[in-house]
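Step one of this worksheet: look at the structure below.
Numbers restart at 1 for each chain; the letters A, B, ... are given by sequence-line order, proteins then strands.
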Number of protein chains: 2
Amino acid sequence: MTADDKRSSTPPITRVEDVDLGVLDGTLSFFIRSLNLAVTRDLDARLDGMEVARGTGKITALFLIDRHPGIRPSVIAAASMKDRSAMARILDDMEKNGLIRREPDPEDGRVQALHLTEKGEKVSREVQAIVRQSRDFFHDISEEEYAQVIDLLRGLYWRIVKSHQAKGTRL
Amino acid sequence: MTADDKRSSTPPITRVEDVDLGVLDGTLSFFIRSLNLAVTRDLDARLDGMEVARGTGKITALFLIDRHPGIRPSVIAAASMKDRSAMARILDDMEKNGLIRREPDPEDGRVQALHLTEKGEKVSREVQAIVRQSRDFFHDISEEEYAQVIDLLRGLYWRIVKSHQAKGTRL
DNA sequence: AGAAATGATTGACACTATCCACCATATTTT
DNA sequence: AAAATATGGTGGATAGTGTCAATCATTTCT
């Protein structure tokens with residue numbers, strides 16, 4: 001047992017810098033969840049005033065519809081890791097704001113084909129610029145490191161997206 | 001311009017696997033925000049039925065109080081990247097559930113010294129075991145890769161935590 | 001002593017995630 | 001072809017979140 005054994009308690013502290021994260025320090029989920037808050041705050045600030053500000057799903061929906069006109073809500077839901085009902089509400093909002101149109105899919109009567117309105121396309125371009133800018137929230141890490149983390153997280157992302165799809169996980 | 005130019009649209013798709021993430025594919029925040037959902041869901045499932053299930057801040061608070069008895073709410077708030085008012089509500093909840101005690105700090109009348117109750121200590125141990133287990137949500141990445149991402153994210157985490165502290169960002 | 005800063009709490013508001021039930025349409029089974 | 005099952009989308013209900021502004025007590029600064 002050493003002085004900084006992982007199980008020993010340390011005396012009352014006053015500053016965050018002195019916090020010992022213990023188990024959390026080796027827990028990826030902890031950092032993902034914490035950074036999620038920071039990143040979301042940063043993004044919200046950058047998007048302040050725009051129709052897609054506040055809330056996590058709108059940007060993804062906007063971009064995916066832009067890139068894949070006619071895409072269906074459930075696919076966006078899966079890619080956003082949200083459930084279909086959450087997605088419906090986001091699309092409601094975007095429709096109300098005149099960013100998207102919901103059309104009936106000609107091939108399948110249950111399905112909707114989503115399209116951007118002209119306004120939606122304009123907003124999409126603006127937001128893309130902002131999102132690219134948001135890279136400098138991570139100004140203190142190099143291109144190599146940035147690419148490296150993304151590669152890893154991208155792998156996790158696709159594994160999870162696909163396995164949910166496969167297992168029919170009711171999202 | 002090649003066939004998969006980043007600006008060109010692809011035809012309507014039906015499966016998530018075919019989605020092209022476009023700008024998002026190079027955006028760290030996108031993966032952090034998506035994985036946050038997946039990770040939180042996984043954690044919630046593992047903690048199902050326990051007093052600290054649902055919600056992001058309770059685990060961190062529990063562990064930090066365990067490790068630093070007498071710690072104050074605002075320090076936990078900073079480490080959790082939440083604002084003090086959000087923290088107060090989490091502590092309310094934990095106090096109601098008999099996990100913590102809020103005592104007046106002997107040194108500073110404005111401050112509270114937080115302590116775990118016996119029940120809190122018991123729960124903390126149980127939850128620590130579960131959190132360690134949660135590593136296998138990322139079963140498909142190696143120890144080296146896991147350690148590598150954590151190292152990077154840890155760096156970002158501390159940079160942000162400290163800079164908020166420094167700038168007096170009103171969280 | 002008076003002014004300003006800090007720590008904690010509360011109320012309000014909009015947004016989120018989850019679960020369940022529901023309806024319409026497709027697909028599969030018999 | 002009829003019945004059963006699966007799929008896509010919607011809507012309600014509930015518990016939780018993040019944010020902002022206001023308040024109050026206490027401490028620190030000058």
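Here C/dA17 presents its P atom at 15 Å from CG of A/Asp92, a figure rounded to the nearest Å. The distance from atom CD1 of A/Ile71 to atom P of D/dG8 is 13 Å, rounded to the nearest whole Å. Between the CG atom of A/Leu91 and the C1' atom of D/dG8 there is a distance of 13 Å, rounded to whole Å. Per the geometry, CE belonging to B/Met87 stands 18 Å off P belonging to D/dC20, to the nearest Å. Note: CD (B/Glu103) to P (C/dA8) measures 14 Å, nearest angstrom. If you measure from atom CD1 of B/Ile90 to atom P of C/dG7, you get 18 Å, rounded to the nearest angstrom. In this entry the distance linking CE of A/Met94 with P of C/dC15 reads 14 Å, nearest Å. Atom-to-atom, CG of B/Asp48 to P of C/dT18 comes out at 13 Å; the value is rounded to the nearest Å.
Side-chain proximity of B/Val111 to the nucleotides D/dT10, D/dG8, C/dA8 is greatest for C/dA8. Nearest to the side-chain atoms of A/Ser85 among the listed nucleotides C/dG7, C/dA17, C/dC19 stands C/dC19. In this structure, of C/dT18, C/dA8, D/dG18, it is C/dA8 that holds the atom nearest to the side chain of B/Pro73.
The hydrophobic cluster containing A/Ile76 also contains A/Val161, counting ILVMFWY residues as joined when their side-chain heavy atoms lie under 4.5 angstrom apart, directly or transitively. Grouping the Ile, Leu, Val, Met, Phe, Trp and Tyr side chains by contacts below 4.5 angstrom, directly or via other members, places B/Val131 with B/Val52.
Within the nucleic acid shown, B/Thr40 has no heavy atom closer than 4.0 Å to any nucleic acid atom.
With sequence neighbours left out, B/Arg89 forms a side chain to side chain contact (heavy atoms under 4.5 Å, CB included) with B/Ser85. Considering only residues two or more places apart in sequence or on other chains, A/Glu143 meets the side chain to side chain contact (heavy atoms under 4.5 Å, CB included) condition with A/Arg135. For A/Glu145, the salt bridge (charged side-chain N to carboxylate O under 4.0 Å, His left out) criterion is met by no residue, not counting sequence neighbours. By the side chain to side chain contact (heavy atoms under 4.5 Å, CB included) test, A/Asp151 pairs with A/Arg154, sequence neighbours left out. B/Arg125 is linked by a salt bridge (charged side-chain N to carboxylate O under 4.0 Å, His left out) to nothing, counting only residues two or more places apart in sequence or in another chain. Partners of B/Asp48 under the salt bridge (charged side-chain N to carboxylate O under 4.0 Å, His left out) rule, at least two apart in sequence or in another chain, do not exist in this structure. Scored by the ring-ring contact (aromatic ring centres under 6.0 Å, His included) test, A/Phe137 finds no partners at all (sequence neighbours excluded). For A/Ser124, the side chain to side chain contact (heavy atoms under 4.5 Å, CB included) test picks out A/Leu62, A/Phe63, A/Asp66, A/Leu116, A/Gln128, with sequence neighbours left out.
For the pair B/Tyr146 and A/Leu152, the minimum side-chain heavy-atom distance is 4.5 Å or more.
A/Arg41 has a side-chain polar atom (N or O) that falls below the 4.0 Å cut-off from OP1 or OP2 of D/dT19. Contact annotation: B/Lys82 reaches the phosphate of D/dG18 (side-chain N/O to OP1 or OP2, under 4.0 Å). Distances shorter than 4.0 Å separate none of the side-chain N or O atoms of A/Arg84 from OP1 or OP2 on C/dT18.
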Check the interface with nucleotides 12-14 of chain C: list each N/O to N/O pair with the protein under 3.5 Å, or write none.
from: C/dA12; atom 1: N6; to: B/Arg89; atom 2: NH2; distance (Å): 3.2

(Q) Within the 4.0 Å limit for protein heavy atoms, which parts of nucleotides 24-30 of chain D are touched? Write it as a string from 5' to 3', B for base, S for sugar-phosphate only, - for none. (A) --BS---
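Judged as a side chain to side chain donor-acceptor pair (under 3.5 Å), the pairs with a partner in residues 109-123 of chain B (not counting sequence neighbours) are, in order, B/Glu51-B/Lys119, B/Asp108-B/Arg110, B/Lys122-B/Glu126.
Contacts between residues 29-37 of chain B and DNA chain D, defined by a heavy-atom separation under 4.0 Å, are absent.
Between A/Ser74 and B/Gly55, the residue whose closest nucleotide on DNA chain D is further toward the 5' end is A/Ser74.
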